[in-house]
Protein chains: 2
Amino acid sequence: MMSKATSFDIAFRAGVSQSTVSRALRNSPLVNEETRLKVQAIAHELNYKVDKNASSLRTQQSDTIALLLFEDPTNDDSLINPFFLSMLGSITRACAQKGYDLLVSFQQLSDDWHADFEDSKKADGLILLGYGDFVDYQDTLTKLSEQHTHFVRWGADVADEKIVSVGCDNLHGGYQMTEHLIKKGRKNVAFLGDASTHAPEFLERYNGYCNALTDHKLSVLSELQVDAISIEESGYQAACQLIEKNLSFDAIFGASDLIAIGAMRALQEHGIKVPEQVAVVGFDDIAVASYTIPALTTAKQDTTLAGEVLVDNLIALIHGENPTTTLMPTKLMVRNSCGS
Amino acid sequence: MMSKATSFDIAFRAGVSQSTVSRALRNSPLVNEETRLKVQAIAHELNYKVDKNASSLRTQQSDTIALLLFEDPTNDDSLINPFFLSMLGSITRACAQKGYDLLVSFQQLSDDWHADFEDSKKADGLILLGYGDFVDYQDTLTKLSEQHTHFVRWGADVADEKIVSVGCDNLHGGYQMTEHLIKKGRKNVAFLGDASTHAPEFLERYNGYCNALTDHKLSVLSELQVDAISIEESGYQAACQLIEKNLSFDAIFGASDLIAIGAMRALQEHGIKVPEQVAVVGFDDIAVASYTIPALTTAKQDTTLAGEVLVDNLIALIHGENPTTTLMPTKLMVRNSCGS
DNA sequence: CTGAAAGCGCTTACAG
DNA sequence: CTGAAAGCGCTTACAG
């Protein structure tokens, strides 16, 4: 077994210089059609592939994007939020389509971020995706920004011009879901999910919820908001609290599908019928949402589009352009968890 | 803004040669403690990161693994099998723990594989993960093997010594699930899933199913096996076929959880009670399996362990060792879909 | 259209 | 323990 072919081997066989080989393989217009074809044929024959380390070193670009998925360290290892997993899928595809490779890395928010993919020249830019306490997270964003790292993030707008975000219109989405419940005749809608600056996306959804209640002349009852993070167990716990406090409510708005699904489980275990006694809506439209019984009415975040926009914006940044923060609409997916 | 620091900048500031800087940063024992500390302090101060392109080019290794996730091209873009997604999670973690970066790429089986990560020196080896028609797939495996590419794959053993696989004991898992149904008093167990060489893992599960039936003096009825691929809709369709043919059955073994979940939906839509009239089991133990109502009894494939073994075996291969194909046990997860 | 040459930023054998 | 030098395999300005 011989070692891998280099451009010199091809040059030798083709009877041209190595520079010409390099040009031919990159389809440079500077090279004669015939020469190019001959070189490419030989390259193919030898199963030659350009050494990316050498070419990246020379050109100072890697054509690679790094995806940093960070999670709340309290989470179980195996419990990756399916919403982000689906985002990962669409980002992978979007990268492939644009000719970029994708490095994936899971971060624990507690650690120092392993965010040096760009510094080490392994990637031309970063996509940040995740959940967890936003307050901790913001410092890191600022630091990255100061180091002139190219990055875009998924999430609520952070009111910093230098930081490019892509996110859903959580305020309107929250409004939309709450209004749907109200139109179904529900008057006492509980909100399950954190509603603080630590979780800005949930907070926006909560604000939308409050606006919808107010617009429909319903009062916002603080005891109907129970904190929960985006895992099923947490939604379950929050709903149990609600039930055990003997509060009166006829609908639950889970700040994410996982929360809503946990809440449904709690309701069912307590013999409370969904949707007859309590209607439930979620947020995200993860795949599971259509498999639950009843199937969950929710606000769809278009992960395919989101992945594309994240990648497009990052590539624009890398090219020195100035993409702006993007807000995407959510879509009401009506299923069976609110009655017919 | 000045350009990125190189090892020469550090050498200049530290008053040593660039070679010494390189040694100091790699913690070479050849360098004086004091010198090393000084160099490292300056590196830190300048936020210096070793250029991976340069070092990989020089050392001829990238400390990167590429994960190729291939899918059946008939699948909807957004429908990535959650089982593989969870595997992806554990592989990511296992890589990080071993000091490898991870490149992720989705392949369409129809295309030529973009499997040149190793040839282009972007990765030291490949992990293959996926589903789809195995017959098409096998040619590619052989080709990779002939090119001396370092790779390991998830799946049933392929009886080729040169190809290292990691997979679950599908034969025993299939036996286990079927026996569980039989012990619950079920006599007419249907199997939903392909049972051909095109889907070797399903085939093994089917063989386990047949063995269990035979061992318990039940006959294998070919009309109770209906083809299905691992998506919910396909399981739904298969169960509908079964129902509409008016066949008598009191249990369904879905070759994967997604199939089983689709089957449960079909049963429920036809007013057939699970588990009272028909018990259902799946295979995989994806997260959704515990959220369905009733929660799905299934065979757990330990994705965390699987990810670690895949990564360990691949690293062994890269180091020139000879890891062997590994068969992992499945675990019966009893939930509510088979009655109490 | 083509070739000779410089240089990307490291690592490491060699010499001291 | 340290330094000068070679070389990993490309890309591209420069000269023709």
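Order of the sequence lines fixes the chain letters, A, B, ..., with proteins taken first and strands second; residue numbering starts at 1 for each chain.
If you take CG of A:Asp51 and P of C:dC10, they are 17 Å apart, rounded to a whole angstrom. Atoms CZ (A:Phe8) and C1' (C:dA5) sit 10 Å apart, rounded to a whole Å. Here the P atom of nucleotide D:dC10 and the CG atom of A:Leu25 are 9 Å apart, to the nearest Å. Protein atom CD1 of B:Ile10 is 12 Å distant from nucleotide atom C1' of C:dC10, rounded to whole Å. As a whole-Å value, the separation of B:Lys38 NZ from D:dC1 P is 15 Å. In this structure, CG of A:Asn53 is placed 9 Å from C1' of D:dG9, rounded to the nearest angstrom. Computed from coordinates, the B:Phe12 CZ to C:dG9 C1' distance equals 18 Å when rounded to whole Å. Atoms CG (A:Leu37) and P (C:dC1) sit 13 Å apart, rounded to a whole Å.
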Assess whether side chain to side chain donor-acceptor pair (under 3.5 Å) is satisfied between A:Asn27 and A:Gln40, documenting all intermediate values. CA-CA 9 Å; A:Asn27 289 313; A:Gln40 288 179 344; 3.0 Å; yes

For A:Ser62 and A:Asp124: C-alpha separation, side-chain torsions, deciding distance, then whether side chain to side chain donor-acceptor pair (under 3.5 Å) applies. CA-CA 6 Å; A:Ser62 61; A:Asp124 299 332; 2.9 Å; yes

Test salt bridge (Lys or Arg N to Asp or Glu O under 4.0 Å) on A:Lys98 and A:Asp312; report intermediate values, then the result. CA-CA 8 Å; A:Lys98 302 286 178 178; A:Asp312 286 348; 3.2 Å; yes

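In this structure, B:Lys121 and B:Pro29 both approach DNA chain D, and ranking their closest nucleotides by distance from the 5' end singles out B:Pro29. DNA chain D is contacted by both B:Gly15 and A:Lys49; B:Gly15 maps to the nucleotide lying nearer its 5′ end (nearest heavy atom per residue).
Of the C1' atoms belonging to D:dG16 and D:dT12, the separation is 16 Å, rounded to the nearest Å.
Listed here is the closest heavy atom pair of A:Gly125 and A:Ile318: N-CD1, 4.1 Å.
Here the nucleotide nearest the side chain of A:Thr6, chosen from C:dG3, D:dC1, D:dG9, is D:dG9. Distance from the side chain of B:Leu57 is smallest for D:dC8 among the nucleotides D:dC8, C:dG3, D:dT2.
As judged by a 4.0 angstrom heavy-atom cut-off over every strand, B:Ser56 is placed among residues making no nucleic acid contact.
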5' to 3', nucleotides 11-16 of chain C under a 4.0 Å protein heavy-atom cut-off (B base, S sugar-phosphate only, - none) gives BBB---

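More than 12 heavy atoms of other residues, nucleotides or ligands sit less than 6.0 Å from atom CD of A:Glu321.
Across every strand in view, C:dA15 sits in a pair with D:dT2 that passes the Watson-Crick or G-U test at under 3.5 angstrom.
With 3.5 Å as the limit, one finds a donor-acceptor pair spanning the side chains of B:Lys122 and A:Thr64. Checking A:Glu45 against A:Asn47 by side-chain atom types alone, no donor-acceptor pair falls below 3.5 Å.
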